[in-house]
Amino acid sequence: FGAVWNIPLSDEAGHRFPGGNGNDNKFIPFAIVHNNFNIERLLATEAEDVNTREEEDTIRKDHDDERIDFGKIREYRQQFPIMIKSDMKEILHPGILYANGKETKIMVPKFWSDTVDEKGIYGSKGVREFLGHHGERLMTLEEAKSIGSYVSVQKETIYISVASYRDPECGSTIESILSRAKYPERIRVAVINQHNLKEDPDFCATTEPCEGKNMKEVSELSAFCRYREQVDIFTLDAKLSVGPVFARHLAHRMYRGEYYAMQVDSHVNFIQDWDDDLIWQWKSAKNEMAVLTTYLSDIIGSINPKTHHSQHAARPIMCVSDYEGNGKLKHLRHGQQPEGVAGIHGQPTLHPFWAAGFSFSRGHFVVQIPYDQYLPMIFQGEEISMGLRGFSYGYDYYAAERSVCFHMYAIRENKEKRQKVKLFWENQRLYRGAELQAMKRLNGIIGMATSNDTYDHTDEYKYGLGKVRTTSKFFKTFGIHTDIQTVEKHLCSFVGKPMMREFQPYLRSNTMGIDYNQIQYKFVDPSPEKKEVKEN
């Protein structure tokens, strides 16, 4: 997958990031060129995923004991944007529960699955039962195509979740999402604003008034102002924040049936027409179960300040993971990732791991793999948990051929201001003991626990593994030894062109993912005598 460069694994704020080019001032000049891409081609494919009458008949046969009202489904899929408003419910706060044993309830958005199930839109047993019986089987293409809303001319909608913890870049990220999109009318942004009400300005608000006597002409307003009806912000007192997993759990609750689901951090900058490019890249995988995901490259020098096009040719790929921590807190963590120019063109590249800082998929990924409510104070371990759960439901992970957004790390000219940003760890003393209980649950659910410790099984049916693929298949395929907690090194020598040659032939003809039942490959370190480059 091209040249490999290395920079430190994380900045001083604890954010992880991929390799850089090792030079503070030089970047490869790059202009995006789509060899076979034009807008007519994109628009011609945008309407193809609407269920036909024949496909509806197929679904009825598969659900012969259910009364599926496709009229309701079609009508519902034309509704956009659907905002949270009063669609709320009480849940237990997991940090207080695990730290103090107290059942303290907080008010949060309902899951989309709860709202459609109350209306019986996907049958009396609910949408997750409709989509493969909670992972008991791989959902059919027809079932998958029943998820996702549209706007004018059958443009697919995009839900973007942004979890922010006292982050001054939050508003800028929202503005970047909307102002750089080619079709901002298709986008709904859901923000979890973890906010200290006494100390912080509203970091996730617009930087200018959107109404009133000081309002500019509409044409001069920020994109945030112009499309504020499509920005849904849920504010949580920062003292109730217990890490990114719970914040993103709340964000998953804000999904409302959009066609695509995307997840980014609150300090990310986008290139011009990113939505057009990203959808085209996802479609080029020709895999309904594809998830484009990776650690993002650093923002510095990556976007042309005038055209807002990318000038960063390289992109990261996920292929490095190892055990970290001690005792019961030991877990598998994805480390420093290599970055280089894509060696495969015209489609994304398969890789084994899922990354939290950037994920783009069909909306049914969020419906089937919701973030676990009961993992407070977890930072490391989040990605292997979500990744394995997604794998077990049949999802496949890819590195995009081109990056469409870039991350602001606490390095170089951004080091000083990013180091001043507060982190959720400031709440650690409030939730002592919660992380240990959460890690036991995390490792227990995904089959990576090494002891017979009991763990909390609450709602494991909702937040657990599917049965489409086994975790043991994943471990054997990619050289992970859970019994002795070691991994086969140099997996990056396989990820890229070799993995594509080995696995791509087993992509199901109906586009419903890679059939791992046909894959016998088991990765073994090809150079056990050679030491891997250690992290800086």
Side-chain angles (χ1 to χ4, degrees), residues 1-6 17-21 28 30 32-37 260 262-263 271 274 277-297 302 310 312-321 334-362 365 383 386-387 390-391 394-407 474 477-479 490-508 511-516 518-519 521 523 526:
F1 42 79
V4 175
W5 305 299
N6 293 310
F17 51 94
N21 67 357
I28 299 173
F30 180 51
I32 293 177
V33 178
H34 303 289
N35 294 328
N36 299 306
F37 172 70
Y260 294 109
M262 185 175 180
Q263 175 174 302
I271 66 169
W274 65 266
D277 188 14
L278 192 56
I279 289 173
W280 186 86
Q281 291 194 67
W282 181 88
K283 288 184 176 181
S284 70
K286 298 179 181 178
N287 184 350
E288 177 72 18
M289 306 299 284
V291 182
L292 304 183
T293 181
T294 193
Y295 291 169
L296 296 179
S297 302
S302 293
S310 173
H312 190 91
R315 58 89 177 100
I317 193 166
M318 303 289 291
C319 57
V320 179
S321 195
H334 308 330
Q336 180 179 354
Q337 304 299 326
E339 179 175 358
V341 178
I344 296 173
H345 303 288
Q347 62 181 319
T349 302
L350 282 165
H351 59 191
F353 303 125
W354 181 86
F358 174 79
S359 177
F360 183 84
S361 65
R362 286 281 273 112
F365 178 79
E383 291 170 321
M386 288 292 292
F391 176 86
Y395 289 96
D396 300 308
Y397 307 124
Y398 292 80
E401 184 180 350
R402 299 172 297 277
S403 296
V404 301
C405 55
F406 299 89
H407 190 284
F474 182 89
T477 302
F478 298 110
H490 305 106
L491 180 59
C492 294
S493 65
F494 172 67
V495 175
K497 289 182 179 179
M499 184 174 174
M500 287 290 284
R501 283 195 300 267
E502 186 77 31
F503 290 12
Q504 187 69 9
Y506 300 110
L507 176 61
R508 293 182 177 90
T511 76
M512 289 303 291
I514 303 291
D515 185 357
Y516 271 75
Q518 304 299 317
I519 293 174
Y521 180 86
F523 177 75

- Message: Would you call the rings of F360 and Y260 parallel, tilted or perpendicular, taking 30° and 60° as the class edges?
- Response: parallel
- Task: Check the angle between the aromatic planes of F478 and F353 and answer parallel, tilted or perpendicular using the 30° and 60° thresholds.
- Result: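 Rings of F478 and F353: tilted, 30 to 60°.
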Mark yes or no for whether [X], through its side chain, and [Y], through its backbone, hold a donor-acceptor pair below 3.5 Å.
| X | Y | answer |
| --- | --- | --- |
| T293 | A355 | yes |
| D396 | M289 | no |
| Q337 | V320 | yes |
| Q281 | R402 | yes |
| S493 | H490 | yes |

- Item | is_close_aromatic(Y516, Y506), centroid dist under 6.0 Å |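 Centroid separation for Y516 and Y506: 6.0 Å or greater.
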- Query: Does the ring center of F503 lie less than 6.0 Å from the ring center of F494?
  - Reply: yes
Taking side chain to side chain contact (heavy atoms under 4.5 Å, CB included) as the test, write out the residues that go with [X], two or more places apart.
| X | result |
| --- | --- |
| Q347 | S284, I344, M500, Q504 |
| P505 | none |
| A399 | R315, I317, H351 |

- Message: A side-chain contact here means heavy atoms from C-beta on lying under 4.5 Å apart; do W282 and E288 qualify?
- Response: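 Result yes, sub-4.5 Å side-chain heavy-atom pair found.
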- Task: I would like to know whether S361 and L292 meet side chain to side chain contact (heavy atoms under 4.5 Å, CB included); could you show each step before the answer?
- Result: CA-CA 6 Å; S361 65; L292 304 183; over 6 Å; no
